[in-house]
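A, B, ... follow the sequence lines: proteins, then strands. Residue 1 opens every chain. All heavy atoms count here, side chains included; hydrogens, waters and symmetry mates do not.
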Amino acid sequence: MDYKVDMRDVKFQLFEWLPTEKLLENEKFADWDRENVEMVLDEGLKIAQEVLAPTNEDGDRIGAQWKDGEVTLPDSFKPAYQTLCEGGWVGIINNPEYGGMGLPEVVGTAVNEFFFGANMSLSLTVLLTRGAGNMIEIFGTDDMRSIFVEKLYSGEWGGTMCLTEPQAGSDVGASKTKAVKQDDGTYLISGEKIFITAGNHDLVENIIHLVLARTPGAPAGTKGLSLFVVPKIWVNPDGSLGEPNDVYCAGIEEKMGIHGSPTTSMVFGQNEKCRGWLLGEELKGMRLMFYMMNAARIEVGLQGSSLGAASHQAAVAYAKERLQSRHWTKFKEKDAPQVPIIEHPDVRRVLTTSKAYAEATRALLMQTSYYIDMTHATGGEEKERYQSYVNVLTPICKAWASHWGVRVADMCLEVYGGYGYTQEYPAEQYLRDAKIACIYEGTNGIQALDFVARKLPLNGGKPIRELLGKAEATFNKLKGDSQLMEPAWMLGAALKTMDTITKELTKRPDGILITLLDAVPILDMVGTILGAHFLLDQAVVARDKLGAILADKGIDPEDEKTYMAFINDNAEAAFYHNKIQTAIHFAYRALPTVTAHAAAIRAGELAPMKVVM
Amino acid sequence: MKCIVCMTHVPDTASVIKIGADGKHIDESGIKWIVSPYDEYALEEALLLTESKGGEVTVVTYGPQRAEAGLRECLARGAHNAVHIVGGESTLGDSLAIAKVLAAALKDREHDVVLCGIKGVGTDNAQVGPMLAELLGLPHVSGVTKIEWSDASIVAHREVEGGYEVVESPLPAVITAQKGLNEPRYAALKGIMAAKRKPVEKLEVGALGLDESALAGVEATYSVRSLELPPAKEAGKIIQGEDDPKAAAAELVKLLADEAKVF
């Protein structure tokens, strides 16, 4: 399966839009500069295209196989995973003290887009391994750090997070898995966990599970949960492997997509011999787990965005080759030749919409990752401010990017006509693989509740006001602009609408119910406003660069014929030109949905609560 | 073992090539430049050799400023040193001129083996390696797909039409690498990080005792009169054969003979 990405846009967002170069001047990133970061991107893409993408179909068609407790992955996954480990790609953003590569999050996000887009199943394992390593680095004891962290950042061992149980899905507090302290300080773990990504497989010799469990006498709900480090094979204090640790994989799920990622049911301690170490303090497990989940939520959003972007690229390539029907200007000429379907206005609209959402979600994830970097690069109030932005943006990254990633994959599939529905083309796998991003790591519904109930009111609403204030600044900058005035006013109107409903909801007697009912649309409204702001902000950068090229080549943009001929012949100019058109398209097609959602919310439409189901 | 790898920086094979305004060069705007893929085999062989036998790899290029990025890429893959002879725009495609410059840079540099790609992608002349060997007074083996290394000699497989030839050569020698010699590695992040700190030695052609304008002028052995893109591929012809396969086969044979001139 081929994998394509708009590398030009990735580099534009990273270096021409975001101040990544300035970030790299921070002493924390002394080993990196723009030149070698670009080399990282190029090499990462090469690996995605040449190593990961060719195994993506095996992941889907062969998939993970379970037999007698063991899980095998397609043979082709092993050398591909090895390439990631050998190159240091597993620990790309992690602490160099433990073998990580110390690259900024924003660069990690760019590279991980390639990896997820090329092979989401395989890259998922990497995500969790990196995450588990990070948890132990931050919350573990010195001994734990020296035993586990480097093994995880190198990918030599795998990592998981074990939350869900049959009766405890979104309601994690209902977990029953038990942990009983032993005389030697370890805990005996017993219980069942389900939906555990990469809970067992044959890419690594050991798997380190982070398991939420309840100690004797712990209070009910999430407050009674503690977090444990539970290896598949026991690890001795000197780091050598001991006996198997009574961790059994009871089966794997048959799923809609990501067949190459084993979704396992894990039984801990069926012979009462499963031991684990406490991570952090007792009863603080959920707080710790949230740390890992928040990081993972951003990466899950990235999965949606990546597969959306990959779907878009594949659909564009197909539309350029597939000949069907006459050109629209020649629809009356029976003998006119068939043209590539990319000439058809309807196909162009779809592919411009998919491009816009792919770039808007990419921008959201890049911007959020940059804010994470700034939390590390700053201190005091500034650090807190960036952290508050990350907190507010995390559920938007997760839910908005995954939702629109799936929608993009869906609209792109239709570009192929019937072929899109077949396995001959990658479109249907992209769509099936992407869908999970809306569900795991907290469903998008849960994300929206987190957003409206915790994130909007955070610090008295200051972070969300500041983030929307940046969108407001874009509106103010462009409201008198001859080319982008209308899109800017649409952004202004959406901001005004958002402001109005926020104020109204806090005053209405049915405000709480309406907020719960409309949490998902509210999150979408904010995501859409931010997306429009990012794309318009990028359009301004692009227009300056385009202007410089035109001036240099002596092209008059007012002379449309010459201008279009030039754009069609100059890839760099075409890129900037497209950035502007994409922003305009998004403003016209996406921003009105903010007003549409608002209409239902302001009217207090409560039919879903009255319907008998 | 001291290995020297000659590297040329070429347009990405996936680039859309346009002819430049002078009709003699390609239009370089918007081109992505890469290490010539055959040079990657040469580099990989040198890296494998020094990993097993010790020693160091020096990558040498003769090219414009942008070629430094290619050297950095080689350093990221594990090469120890890099030498950049800056220039080469005016001698582009002139294999002998390029070989002379490389020979001048290499003659006083210690080496047990010189590895080149069989050819530079783009100009595809496949001449620089053998010419360089001649100028250095070294034996050469070209189009190599397998090498067994000993301390003072090699046994190499080289591609010939319809098979391969097994050749023994003393060292030092110049070897040109063909596809199949090895599987070039990807740069590791650590390697990319380290490449930033490795030095790139910059040399002017004049400092090698050569005059680049003479190489491109009176001494030139190669000149481009004009450059054209190959004609656009015409649409294929489909012979419908469902109703009358016999007639369709006859039609196909006729077209193959008369139009495609296959026989």
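In terms of the ring-ring contact (aromatic ring centres under 6.0 Å, His included) criterion, F29(A) has no residue partners (sequence neighbours excluded). The side-chain hydrogen bond (donor to acceptor under 3.5 Å, both in side chains) test applied to T91(B) returns Y62(B), not counting sequence neighbours.
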Q.
For a side-chain hydrogen bond (donor to acceptor under 3.5 Å, both in side chains) check, start with the C-alpha distance between T58(B) and R109(B), then their side-chain angles and the critical distance, and finish with the verdict.
A. CA-CA 10 Å; T58(B) 302; R109(B) 219 170 270 271; over 6 Å; no

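With no hydrogens or angles considered, a side-chain donor-acceptor pair links S142(B) and R158(B) at under 3.5 Å.
Only the backbone of A30(A) comes within contact range of chain B, with at least one heavy atom under 4.5 Å from a heavy atom of that chain. Interface residue A187(B): backbone and side-chain heavy atoms are both found under 4.5 Å from chain A. Looking at I92(A), both its backbone and its side chain come within 4.5 Å of chain B, counting heavy atoms on both sides.
For residues 56-65 of chain B, the set of pairs meeting the salt bridge (Lys or Arg N to Asp or Glu O under 4.0 Å) definition, not counting sequence neighbours, comprises K2(B)-E56(B).
Taking both residues in full, the closest heavy atoms of V60(B) and I4(B) are given as CG2-CG2, 3.8 Å, listed atom of the first, atom of the second, then distance.
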Short of 3.5 Å, which donor-acceptor contacts do chain B and chain A share? List atoms and distances.
unit_1, atom_1, unit_2, atom_2, d
K18(B), NZ, D569(A), O, 2.4
R77(B), NH1, E43(A), OE2, 3.0
R77(B), NH2, E43(A), OE1, 3.2
R77(B), NH2, E43(A), OE2, 3.4
Y186(B), OH, E50(A), OE1, 2.6
A187(B), N, E43(A), OE2, 2.7
L189(B), N, G87(A), O, 2.8
K196(B), NZ, A30(A), O, 3.0
R197(B), NH1, D31(A), OD1, 2.7

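For F575(A), the CZ atom sits in a packed shell: over 12 heavy atoms of surrounding residues, nucleotides or ligands are nearer than 6.0 Å.
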